[in-house]
Amino acid sequence: QVQLVESGGGLVQAGGSLRVSCAASTRTFSTYFMGWFRQAPGKEREFVAAISRNGGSTDYADSVQGRFTISRDNAKNTVSLRMNSLKPDDTAVYYCAAGAGNFYSGHSTSREYDYWGQGTQVTVSS
């Protein structure tokens, strides 16, 4: 069982930056690829970014490409999402997730992840 706890959400003005982090309670963190998803009110959960087990590969949704950066620290069992140039449309609950499968076989849908955090709210004001 892997427990994931997000932190770092909050309120920020449009154009600003925010960093959300996720701490994992497992000794085998490096065996999981990690992802960030988000869900806005009235909308389905959507993929934001993912990173491979060793951090060598990353992938982003088109809507955040060039603005968001995902990173991980396997020594600290953490994964982070740096968000720049935030827009009101980025307002959502952000969830981190861990996948035990093969990153290169798929990492952009919810069903490819085995563990989820409880989420952290990010609100971008206009």
Side-chain angles (χ1 to χ4, degrees):
Q1 189 74 10
V2 178
Q3 291 188 327
L4 302 172
V5 179
E6 300 95 336
S7 61
L11 174 65
V12 63
Q13 288 188 331
S17 298
L18 201 62
R19 183 185 185 95
V20 291
S21 296
C22 173
S25 64
T26 175
R27 295 181 181 179
T28 59
F29 180 70
S30 63
T31 67
Y32 295 91
F33 65 85
M34 301 297 295
W36 285 95
F37 288 73
R38 66 186 182 187
Q39 187 167 19
K43 295 186 177 181
E44 294 186 355
R45 189 172 298 189
E46 64 174 0
F47 170 74
V48 176
I51 189 167
S52 61
R53 296 174 182 178
N54 65 1
S57 297
T58 58
D59 189 28
Y60 298 91
D62 289 344
S63 58
V64 307
Q65 180 75 49
R67 299 188 298 123
F68 290 12
T69 302
I70 188 171
S71 61
R72 67 187 296 163
D73 185 336
N74 285 347
K76 297 182 178 179
N77 289 3
T78 59
V79 60
S80 297
L81 185 69
R82 175 69 177 180
M83 303 179 288
N84 296 329
S85 303
L86 282 162
K87 307 174 182 179
D89 283 349
D90 294 318
T91 295
V93 177
Y94 282 71
Y95 299 90
C96 75
N102 186 335
F103 174 86
Y104 300 100
S105 296
H107 51 257
S108 61
T109 65
S110 299
R111 58 181 170 83
E112 288 154 341
Y113 292 82
D114 301 282
Y115 301 100
W116 293 83
Q118 83 289 349
T120 186
Q121 177 70 47
V122 172
T123 302
V124 184
S125 63
S126 58

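Model, not experiment: these values are computed from the prediction.
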Practice item. Would you kindly say whether Thr123 and Thr91 are connected by a side-chain donor-acceptor distance under 3.5 Å? Key: no
Review point. If you take all heavy atoms of Tyr60 and Ile70, which pair is closest and at what distance?
Key: OH-N, 2.9 Å
Point to revise | Same apolar cluster: Val48 and Phe103, side chain cutoff 4.5 Å | key: no
Point to revise | Residue pair Asn102 / Phe33, side-chain heavy-atom distance below 4.5 Å | key: no
Review point. Closest approach of Ser85 and Ser17, non-hydrogen atoms and distance?
Key: N-OG, 4.4 Å
Revision key, fill the gap. CZ of Arg72 to OG of Ser21, rounded to nearest 0.5 Å, is 13.5 Å
Review point. Checking Arg45 side chain against Tyr95 main chain: does a donor-acceptor pair fall under 3.5 Å?
Key: no
Review point. If we only count heavy atoms from C-beta on, is the Ser30 to Arg53 side-chain gap below 4.5 Å?
Key: no
Review point. Does Met34 reach the side chain of Tyr113, with side-chain heavy atoms less than 4.5 Å apart?
Key: no
Practice item. State, to 0.1 Å, how close Ala49 and Leu81 come at their nearest heavy-atom pair, and which atoms those are. Key: CB-CD1, 4.1 Å
Review point. Would you say the side-chain atoms of Asn54 and Ser52 include a donor-acceptor pair closer than 3.5 Å?
Key: yes
Study note, to complete from the structure: Heavy-atom closest pair (Thr28 atom, Thr31 atom, distance to 0.1 Å) is O-OG1, 2.6 Å
Exercise for review: Report whether Val79 and Trp116 are members of the same hydrophobic cluster (ILVMFWY, side-chain heavy atoms less than 4.5 Å apart, transitive linking).
Suggested key: no
Check your understanding: So with a 6.0 Å cut-off around CD of Gln3, is the heavy-atom count from everything else above 12?
Key -> no
Review point. Can you find a heavy atom in the side chain of Val64 that is under 4.5 Å from one in the side chain of Arg38?
Key: yes
Exercise for review: To the nearest 0.5 Å, tell me how far Tyr32 OH sits from Asp114 CG.
Suggested key: 7.0 Å
Review point. Between Tyr115 and Gln1, does a side-chain contact (heavy atoms from CB on, under 4.5 Å) hold up when you go through it step by step?
Key: CA-CA 8 Å; Tyr115 301 100; Gln1 189 74 10; 3.8 Å; yes
Point to revise | Taking every non-hydrogen atom, the tightest pair across Gly119 and Glu6 | key: N-OE1, 2.9 Å
Review point. Just wondering, do Arg67 and Asp90 contact through their side chains at under 4.5 Å, heavy atoms?
Key: yes
Check your understanding: Between Phe68 and Leu86, is any pair of side-chain heavy atoms under 4.5 Å apart?
Key -> yes
Check your understanding: Honestly curious: do Phe47 and Val122 fall in one hydrophobic cluster under the side-chain, below-4.5 Å linking rule?
Key -> no
**Study point:** Rounded distance [0.5 Å steps], CD1 in Ile51 versus CG in Asp59
**Key:** 11.0 Å
Check your understanding: Is there a side-chain contact between Trp36 and Met83 (heavy atoms, below 4.5 Å)?
Key -> no
Exercise for review: Ignoring hydrogens and angles, tell me if any N or O in the side chain of Asn77 forms a donor-acceptor pair with the backbone of Thr26 under 3.5 Å.
Suggested key: yes
Study note, to complete from the structure: Minimal heavy-atom distance between Leu4 and Ala24, with the atoms involved, is CD2-CB, 3.6 Å
Practice item. With the side chain counted from C-beta on, respond yes when Arg19 and Ser71 share a heavy-atom pair under 4.5 Å apart, and no when they do not. Key: yes
Practice item. Scan side-chain atoms only and decide if Tyr104 and Ser57 contain a donor-acceptor pair under the 3.5 Å cut-off. Key: yes
